[in-house]
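Presented below is the structure to which this report refers.
On a predicted model such as this, the values are computed, not experimentally measured, just so you know. First listed ligand is number 1; within each ligand, the first listed atom is number 1. Residues take their numbers from the sequence shown, with the count starting at 1.
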Amino acid sequence: MIQIKHIQTLDGTHRDLSIESQQEISIEAENLLLLPGLIDPHVHFRTPGLEYKEDWRTAAQASIKGGYTTVFDMPNTIPPTVTQLELQKKKDLIDSQLKDVKIPLRYHLFFGADKHHLGEIKKVKGQVIGIKVFMGCSTGGLVIDDDESLHAIFKLAAEEDMLVAVHAEDEHRLKENSKKIVLPQPYAIHSQIRDEKAASIAVKKAIDLVRLYGTRLYILHTSTRQEIDLIAQAKMEDLPVFAETTPHHLFLNSNDYDRLQGKAVMNPPLRTTAHQKALFQAIREGVIDTIGSDHAPHTIEEKARPYGACPSGVPGIETTLPLLLEAQHEGHLSLENIVDLTSRRAQEIFKLKPYADYVLVDLAASRVVNENELKTKCHWSPFAGLRLRGWPVYTILNNHLYDLYSLH
Ligand code: DOR
Ligand code: ZN
């Protein structure tokens, strides 16, 4: 039995919590806050094929350390998850890696939309959390850059009641912008090549397809004010459109290239401070529903390559909650906002079965992000050295309590 005594709840009261368990643990939790186990709707845990960057052994530990008990993984692996067979193989690999570390992390998989395998989508209905559409190229070769395929996917998804998640950057705009560029270039050019317009063109197109077919649409990593305006309009029309943002778009901006160099390169790219402000406001107004860490590890050596050879993506699952709690300290977000972003809205949008998973948080803990303490295989963070107030202390997954400061 796990007994948690006098824990603080969101409504400001204290309560005791008992959980049936093999463990015999009693915790005096007067200084801790009880939150639901976090759900990360957007991770790249790299299995199969890219396990030198991350695998589910290290990623499961990183998830638990970050307070996460459920994750949704993306299909841009090697090979990509675009057939029913690859989906099954991926699940088997994940299950075996999770078994190795004895962490029964809850997970769902996105299925990759691929022009040559659209027929596979129907086959995996009920086995995936949604269909991932890369409207612009990113890590891996998946892209849907023609209207005919886009229409076919949105129509089919609506008929099958499957959710479509879009990486909304317009491939034609990205290609057009990169034509003008001659390498070498500073990393900051990334924000100009993958400009705001590339994002808003794609979001507008995706929302127009919802108007046509009624597809349930999840917009990944919203990063600009223009996207927010389009999403707000769609919500006013009562369209089934939902939006995610990321910790890096909330807590970093295009001034950070000088300091972070290749570690600031990700897709969509960093934007200006005005967009950061707009994202916080969109959370407070309920236009943005969720936060996805977009945990996308690459090795430190890969990130040190010059622009053009440096892969896009940053790790994030261990720092998302402390960043949000720091924002709460500074008055930008409420604890209610944080619960909405990290579990409540994902639960609703993706119609998840509720579980009695929890994370216990010490709001007063003030710690510096230390790369040596990270569980992710890549062992770096764009937030290294940052002092944050509010850290998870215990994660409870499937009736098991993990003490986050003695995880090994
Ligand atoms: O920065 C990114 N990294 N954006 C993506 O769309 C993919 C991801 C990755 O897999 O590395
Ligand atoms: Zn991603």
Distance filter under 4.0 Å, heavy atoms only, around ligand 1 gives H44, R46, N76, F134, S138, T139, H167, M266, N267, A296, H298, S312, G313
Pair listing, side chain to side chain donor-acceptor pair (under 3.5 Å) test, anchored in residues 305-315, at least two apart: H190-Y307, N267-S312
More than 12 heavy atoms from other groups under 6.0 Å of NZ on K155: no
Does K263 make a cation-pi contact with Y257 (under 6.0 Å, within 45 degrees of the axis)? no
Should we say atom NZ of K204 is surrounded by more than 12 heavy atoms from elsewhere, each under 6.0 Å from it? no
Can you name the residues that form a ring pair (Phe, Tyr, Trp, His ring centres under 6.0 Å) with H42, not counting sequence neighbours? H44, H221
Exactly one of L388, I291, V369 clears side-chain contact (heavy atoms from CB on, under 4.5 Å) with L323, and that residue is L388
Validate the cation-pi geometry between K132 and F134: distance from NZ or CZ to the six-membered ring centre under 6.0 Å, angle to the ring axis within 45°. yes
Here the Zn ion (ligand 2) sees protein N, O or S atoms within less than 2.8 Å, and their number is 3
Between R345 and F242, is NZ or CZ placed under 6.0 angstrom from the six-membered ring centre and within 45° of the ring axis? no
Atom pair OH (Y107) and NZ (K90), whose distance is rounded to the nearest 0.5 Å: 9.5 Å
